[in-house]
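For reference, the structure discussed in these notes is given below.
Position 1 is the first residue of the sequence, and the numbers go up from there.
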Amino acid sequence: MKSFRVIFRNVATTVALVAATVGFASCEKNDSDDEPKTGEIVMQNLTLSGTVRDAVGNALSGVLVSTGSLNATTGADGTFAFEQAATVDSRTVVRFEKSGYFALTRSSVKADEMTLDVVMRRKGNSGASSQATFNAGEDKTLSAGGMKAEITASSLVRADGSAYTGTVTADMLYLDPNDADFDATMPGGDLAAIRSDNREVQLLSYGMTEITLTDNAGNPLQLKDGTTSELTFPIPAGMGNNPPATIPLWYFDDERGVWIEEGTATLQGNVYVGSVAHFSWHNLDVPAERVTIRGTVTDCENNPVSYVKVTVDQTAAVTSSKGEYSVFVPANTPVTVKVKSSDYSDYSSEVSHSIPGKSGGTVVTQDVKLPCRTQEPGDGSVFSIDKASVTYLMSGSEMIITFDNHGKRMRWDSNYGTADHTVILFDELAKIYTIGTAGTWMDFPYEGNSAGVLFAGFIYDEAIFAQAPGFTTLTDETIAGKLCKVFSYTGDGCTNKVGTWNGLLMLVEDCEGVSMVATNVNLNVPSNAFSKTMNIF
């Protein structure tokens with residue numbers, strides 16, 4: 001493992017979620033440290049957040065998320081957030097670890113705002129993964145998802161280089177480029193790579209694999225010097241026409257967050273075969289020059305759409321608070337820019353744009369305009385919801401309050417980064433019209449009133465809560481750039497802390513373990529709309 005220095009620049013107080021406990025050592029800065037050296041870890045200020053989920057879309061709690069000298073643990077909703085991150089050679093590098101899952105490092109070119117969509121795969125036997133035990137003194141063939149790896153007898157060593165002769169546990173994962181979550185599961189995320197001559201290139205993947213070996217105490221094992229393992233890669237569906245005679249092999253450098261060229265695989269029938277000298281993530285990829293595709297995602301009224309995923313074939317990006325995205329693709333390769341309906345709304349159609357192959361160094365601007373979203377509630381009437389709105393990110397969960405043309409609040413949406421998409425449609429004075437979760441509508445109205453509390457407590461009226469027993473007004477706090485009212489109240493022996501801004505829930509901490517905080521607020525309504533609508537309930 002390489003050793004790197006950690007340099008802190010413009011260090012600010014981080015959110016309470018972040019604790020500085022990861023073991024990268026820091027050094028004193030001197031005049032020669034003004035510019036970071038190659039491979040040097042530099043802590044920089046930025047807004048970094050995201051959601052970690054498993055292969056079926058469930059949020060993953062208890063994931064250790066590390067970036068340089070900082071770490072955090074995902075909560076029940078799978079989210080995490082940092083105000084600083086480690087950059088190496090201008091790339092932000094973040095590590096994800098959880099017992100029973102393949103560890104994953106995500107990385108990309110540093111930006112002021114970064115939102116990560118991360119999928120971690122469970123170890124064990126499935127269509128794409130396998131787990132096996134064998135004696136280190138025997139030959140062993142590992143296989144998963146059509147991928148194979150050969151391990152020769154007595155070729156494994158401990159971390160200190162000493163020979164290992166006991167029982168080995170092998171975990172193997174094969175990632176097919178056709179996998180629906182390929183962009184969220186692969187290490188890195190943008191397929192950036194460095195050739196053996198140090199040229200930076202963009203990769204087109206023919207598949208990748210992760211192999212981890214441990215001894216009977218759970219300690220890592222590796223191939224000893226001078227030995228190799230033969231890897232056999234299947235040709236993915238749709239990539240078998242005129243396959244190249246050879247394709248370079250690459251390993252993922254976890255510290256630098258980039259793919260490094262290492263060897264070549266040769267076409268043998270309908271598979272590629274090559275050898276590697278160590279176990280880690282390995283990738284079978286065709287290199288090319290880089291093309292940049294960027295743009296802005298807007299709704300049908302030209303308002304920017306924040307935190308929506310834009311997929312461009314093998315890579316993807318999540319839009320910023322301004323609705324902007326940017327991705328890299330290989331030169332001379334046609335691609336499709338796509339916003340999937342599941343990433344935008346359960347109730348809208350998919351939007352896509354085809355882009356022909358471009359020469360290296362080209363920058364393509366491709367804006368994406370999403371259609372108005374409509375949904376039929378229980379009585380069959382149709383509500384158009386793409387009017388003026390407030391969008392904000394609540395610990396990774398997107399919340400949207402939508403207004404009609406008269407400035408009256410008409411819909412509340414929340415998307416928790418999974419299949420769960422909760423929608424509340426309501427008419428005047430907080431009478432909820434109907435409720436839907438994950439696309440299933442319940443045909444009963446919830447009879448609310450003007451007491452100030454909307455269903456599920458997502459919109460608050462401090463004046464009403466002030467009349468409740470156990471209510472205490474706390475000191476105002478600035479949350480997501482907004483000066484918020486903060487109060488606590490006690491009921492049934494449970495004390496809750498709540499922060500609000502113009503009726504929007506911006507902070508909640510309750511005694512049942514729920515903790516959420518707004519990280520971004522995007523206003524697409526005139527300021528006077530709040531006086532007409534946000535307090536009507």
Side-chain angles (χ1 to χ4, degrees), residues 91 106-109 128 145-147 173-210 231-253 257-268 270-274 276 280-294 309-317 325-338 352-364 366:
R91 292 180 62 80
R106 297 305 300 272
S107 59
S108 62
V109 176
M147 178 83 200
L173 173 65
Y174 172 67
L175 192 55
D176 189 315
N178 294 304
D179 189 293
D181 287 319
F182 182 76
D183 60 89
T185 308
M186 66 176 166
D190 60 0
L191 289 172
I194 299 176
R195 299 218 67 171
S196 54
D197 60 5
N198 289 323
R199 284 186 297 129
E200 295 182 358
V201 292
Q202 188 68 24
L203 300 180
L204 176 66
S205 179
Y206 275 66
M208 55 184 71
T209 187
E210 161 85 271
L231 302 183
T232 301
F233 289 82
I235 298 178
M239 303 182 77
N241 292 331
N242 300 314
T246 61
I247 297 179
L249 286 170
W250 314 75
Y251 76 91
F252 191 75
D253 187 324
V258 69
W259 292 97
I260 306 294
E261 185 176 8
E262 184 189 48
T264 302
T266 302
L267 182 63
Q268 298 183 12
N270 62 350
V271 298
Y272 282 91
V273 179
V276 297
S280 63
W281 272 102
H282 280 90
N283 203 349
L284 180 70
D285 293 61
V286 175
E289 292 186 66
R290 177 174 294 170
V291 172
T292 302
I293 299 177
R294 63 189 183 193
K309 186 175 180 178
V310 181
T311 302
V312 187
D313 287 12
Q314 294 187 354
T315 59
Y325 77 95
S326 178
V327 298
F328 299 131
V329 299
N332 305 311
T333 304
V335 296
T336 301
V337 177
K338 182 184 300 182
S352 63
H353 297 276
S354 297
I355 297 177
K358 301 291 184 180
S359 59
T362 302
V363 177
V364 179
Q366 180 60 68

Heavy-atom pair of closest approach, residues R290 and A192 | NH2-CB, 3.3 Å
For residues L249 and F233, determine if any side-chain heavy atom of one lies less than 4.5 Å from a side-chain heavy atom of the other.
-> yes
State, to 0.1 Å, how close G207 and N283 come at their nearest heavy-atom pair, and which atoms those are.
-> O-OD1, 3.0 Å
Hey, could you give me the CH2/CE distance between W250 and M208, rounded to the nearest 0.5 Å?
-> 12.0 Å
Results of salt bridge (Lys or Arg N to Asp or Glu O under 4.0 Å) for D285 - residues two or more places apart only | none
Applying side-chain contact (heavy atoms from CB on, under 4.5 Å), name anything that partners A317, two or more places apart in sequence or on another chain.
-> Y325, V327
Determine yes or no for a side-chain-to-main-chain donor-acceptor pair under 3.5 angstrom, with D313 supplying the side chain and T336 the backbone.
-> yes
Any Lys/Arg nitrogen of D197 or R195 sitting under 4.0 Å from an Asp/Glu carboxylate oxygen of the other?
-> no
Results of side-chain contact (heavy atoms from CB on, under 4.5 Å) for P334 - residues two or more places apart only | none
What closest approach, in Å, do V286 and P244 show between heavy atoms, and which atom pair accounts for it?
-> CG2-CG, 4.4 Å
Hey, does F252 have a side-chain heavy atom less than 4.5 Å from the side chain of S107?
-> yes
With side chains defined as the heavy atoms from C-beta onward, is the minimum distance between Y206 and P177 less than 4.5 Å?
-> no
Residue pairs passing the side-chain hydrogen bond (donor to acceptor under 3.5 Å, both in side chains) test where at least one lies in residues 177-186, sequence neighbours excluded = R53-D181, R121-D179, D176-N178, D183-K309
Return yes when atom CD of E289 has more than 12 non-hydrogen atoms of other residues, nucleotides or ligands closer than 6.0 Å, and no otherwise.
-> no
If you look only at pairs with a residue in residues 237-248, which of them pass as a side-chain hydrogen bond (donor to acceptor under 3.5 Å, both in side chains), with sequence neighbours excluded?
-> none
Run the side chain to side chain contact (heavy atoms under 4.5 Å, CB included) check on T333 and V291 step by step: do they pass?
-> CA-CA 9 Å; T333 304; V291 172; over 6 Å; no
P234: side-chain contact (heavy atoms from CB on, under 4.5 Å) partners, not counting sequence neighbours | M147, Y174
Taking only residues two or more places apart in sequence or in another chain, which ones pass salt bridge (Lys or Arg N to Asp or Glu O under 4.0 Å) with R294?
-> none
Say you draw a straight line from CG of L203 to CD of E261; how long is it, rounded to the nearest 0.5 Å?
-> 9.5 Å
I260: partners by side-chain contact (heavy atoms from CB on, under 4.5 Å), with sequence neighbours left out | I194, Y251, D253, R256, V258
Quick one: ring-ring contact (aromatic ring centres under 6.0 Å, His included) partners of F328, sequence neighbours excluded?
-> none
Is the shortest heavy-atom distance from the side chain of V273 to the side chain of T266 under 4.5 Å?
-> no
So how far is it from H353 NE2 to K338 NZ, rounded to the nearest 0.5 Å?
-> 12.0 Å
Take V335 and T315 through the test side chain to side chain contact (heavy atoms under 4.5 Å, CB included) and record every step on the way to the result.
-> CA-CA 10 Å; V335 296; T315 59; over 6 Å; no
Note, W259 side chain near P287 side chain (heavy atom, < 4.5 Å) | no
Euclidean distance, S326 OG relative to I293 CD1, rounded to 0.5 Å = 9.0 Å
Could you state the interatomic distance from CG (L175) to CH2 (W281), rounded to the nearest 0.5 Å?
-> 5.0 Å
Kindly say whether V337 contributes a backbone atom to a donor-acceptor pair with the side chain of Q366 at under 3.5 angstrom?
-> no
What distance do I247 atom CD1 and L204 atom CG have between them, rounded to the nearest 0.5 Å?
-> 8.5 Å
For R91, salt bridge (Lys or Arg N to Asp or Glu O under 4.0 Å) partners two or more places apart | D190
Tell me, please, which residues at least two apart from S354 pass side chain to side chain donor-acceptor pair (under 3.5 Å).
-> none
V364 and K358: which non-hydrogen atoms are nearest, and at how many Å?
-> CG2-CG, 3.9 Å
For E262, enumerate each residue passing the salt bridge (Lys or Arg N to Asp or Glu O under 4.0 Å) test, keeping only those at least two apart in sequence or located in another chain.
-> none
